[in-house]
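Chain naming here is simple, since letters A, B, ... match the order of the sequence lines and numbering starts at 1 in each.
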Protein chains: 2
Amino acid sequence: MPRRVTIDDVARLAGVHKATVSRALNEATRSQVRAATVERVRAAADELGYVPDVVARGLRTKTSMTIGVIIPDLMNPIFPPIVRGIEHVLQPRGYTALLANTDGRDAVELAAFESLVQRRVDGFIVATGRLGAQPAVERAHRDGVFAVMVNREAGSAPYPVVTNDSESGMAAAVQHLVDLGHRRIAHLAGPRDFSTTRARADAFAAAARELPGVRTRVVDAGALTTEAGQRAMDELLARGARRPTAIIGGNDLVALGAIRSLHAHGLRVPEDVSVVGFNDMPFAADFSPSLTTVRVPLREMGMESARLLLAAIEMRQLDARTIRIPVSLVVRDSTGPCCE
Amino acid sequence: MPRRVTIDDVARLAGVHKATVSRALNEATRSQVRAATVERVRAAADELGYVPDVVARGLRTKTSMTIGVIIPDLMNPIFPPIVRGIEHVLQPRGYTALLANTDGRDAVELAAFESLVQRRVDGFIVATGRLGAQPAVERAHRDGVFAVMVNREAGSAPYPVVTNDSESGMAAAVQHLVDLGHRRIAHLAGPRDFSTTRARADAFAAAARELPGVRTRVVDAGALTTEAGQRAMDELLARGARRPTAIIGGNDLVALGAIRSLHAHGLRVPEDVSVVGFNDMPFAADFSPSLTTVRVPLREMGMESARLLLAAIEMRQLDARTIRIPVSLVVRDSTGPCCE
DNA sequence: TTGTACGCGTTATCAT
DNA sequence: ATGATAACGCGTACAA
């Protein structure tokens, strides 16, 4: 492994001291160096293919032009679009995104934070928010590290949040089903310690209270996966009671799991049961049947979170406001009129 | 931002020199320190919450216990399972995966490599392989950086490769369609500079030569996206000639795009046209119709690539062998008998 | 305008 | 067994 070209190599070739090289190559200090010298240094650096060592530099400057992005579950298709939005803002401004996948496990999340903090990331974009205590986020805040929560809020640390308007999304979903004639609607709720899925469950309950003629039920899916959705639907169908004519999933994966369960029980969607999802994840339109869902502008949420973080880094302070991105219902084939 | 606890703080509290702290806390050198001293140092470190600074350490040791993972397109659902497989092997061995998404762009890939090399990653797992010249991979090899290619091979650098047996997968797909009675089969081929999609196109051509009664055609989809697949299928349907009764996509996304196009043209799948995909990406079974496809063990490929890389790092040399993971055809609802 | 010297937090080497 | 010191590669007060 050939030795790296260092600042000393450049200094030797240019016939100056390494401090001069540092100044000449560094935007902010370039004015302190004579133009001719700058040119000489530049030529030498080019010739040797010198690239400053960001690690050594970070040891000095405590900065790295790098943003850590903490993702709870890469297998959930809502996160790739968010990541793309983040990168879309970061890249033109010279920042690199370093992704870490935590698998939803606290220990892994802590390790990822640790690892990235040590690598001197300039800030975090965190998609693993939970309403309960969250050691990693709390610790980051205590250490004065900048972070922005995206999609889910954090319960503990006062960080800015970019999330979506789950309440009005749920209201729209319920209204859509009622308009179709449905009077028995169940919600397969996601975890109550995610701000998004809790808001949806709360909004579902609120909507139910305002619609006296509608019978509602909530079943906890436990996790935001197809498997959890399928299990919850299985369980709901196994109960003796009259089954609901419409289902609203805590997210698209849960809704998809519900559809799998319904199909497995020989029920048709939407003829026997209508299903609504949440997020409009990639491929939601390609499912069988295509999924009626609440569209969340995932990419825009990613972009906004990156903008917020960079602004905080540059102004050296962050205000913990919450940005709530509007959502809209997308009607497809998984919902239909009730009881025809 | 509170100052980090450094090795000097621990040394002071334990009443020893920092060199001793380093030796006591470092697995390999612990035997050089008296057991009682080790205990004292440990207690001090615990009390202060000391964590060695991996950056400063990397400056000295040229190592970081970190693996860079280069992904061409996070939006392609085959990569999350590969990443999971990689992480599954890395995490228990103390390594952290740092992901970089290149969006398929050379400049971004170079920047990602640069950024990660500077962070002293101990090696790369590269999923962006292309058969043509690939500056980033070549440069990594020239610099003596360890890397393993996963999924796609690299044309230029002699790195180990973990890929799948696209040839026999394609053969199985063609045979399946022929068995169903199809005699006009088209392949919507992916880019020819990806080893996987080129192998599939070649295997398709080879299969065609051995089946004289079967008329085949190849259309270039250009990219591995649903949009590209839809465009290619649109184009194929626009041609005056008799349309094929079966389609094999360069991957699942292309196949999905083809289905979208067929539906848009009022054609049914599989009654009018059968469609086969490649990879068995997540949700392939949930599409409308569920997708017959060649299953590639994505997670296993990720795991194997990580194992290979760690072995190379530990033995300080890598042999550029190619591991070809077996594949299998999964028959679902997107294929059916021809011309009933 | 440029050079000197030190510090960032470790680990490796040499001396004790 | 432990301490002292240098080195990793860079940036920056301070001096010249």
Task: side-chain contact (heavy atoms from CB on, under 4.5 Å) evaluation trace for Arg130(B) with Asp106(B) - done: CA-CA 11 Å; Arg130(B) 287 202 316 281; Asp106(B) 258 11; 3.1 Å; yes

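- The side chain of Arg57(B) has dT11(C) as its nearest neighbour among dT11(C), dG3(D), dC10(D).
- For Arg105(A), the salt bridge (Lys or Arg N to Asp or Glu O under 4.0 Å) partners two or more places apart in sequence, or in a different chain, are Asp103(A).
- For the ring pair (Phe, Tyr, Trp, His ring centres under 6.0 Å) condition, the pairs that include at least one residue of residues 129-153 of chain A, sequence neighbours left out, are His141(A)-Tyr159(A).
- Taking only side-chain nitrogens and oxygens, His17(A) never comes nearer than 4.0 Å to OP1 or OP2 of dT2(C).
- Looking at Val145(B) and Phe113(B), their side chains never come closer than 4.5 Å, going by heavy atoms from C-beta outward.
- Sorted by first and then second residue, the side chain to side chain donor-acceptor pair (under 3.5 Å) pairs with a member in residues 24-45 of chain B read Glu39(B)-Arg42(B); sequence neighbours excluded.
- Contacts between residues 23-35 of chain A and DNA chain D, defined by a heavy-atom separation under 4.0 Å, are made by Arg23(A), Asn26(A).
- Within the 4.0 Å cut-off from OP1 or OP2 of dA1(D), not a single side-chain nitrogen or oxygen of Thr37(B) is found.
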Under 3.5 Å, N/O pairs linking protein and nucleotides 6-8 of chain D:
from	atom 1	to	atom 2	distance (Å)
dA7(D)	N3	Arg60(B)	NH1	2.5
dC8(D)	O3'	Lys62(B)	NZ	3.3

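- Using a cutoff of 4.0 Å between basic side-chain nitrogens and carboxylate oxygens, Arg60(A) and Asp53(A) are not scored as salt-bridged.
- In this structure, Ser22(A) reaches the bases: a heavy-atom distance under 4.0 Å links it to at least one base atom across the strands shown.
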Show me, pair by pair, the donor-acceptor contacts under 3.5 angstrom made by side chains of residues 306-315 of chain B, not counting sequence neighbours?
from	atom 1	to	atom 2	distance (Å)
Arg307(B)	NH1	Glu304(B)	OE1	2.6
Glu314(B)	OE1	Arg93(B)	NH2	3.3
Glu314(B)	OE2	Arg93(B)	NH2	2.6

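- As rounded to whole Å, 14 Å separates atom C1' of dT2(D) from atom CD1 of Ile7(B).
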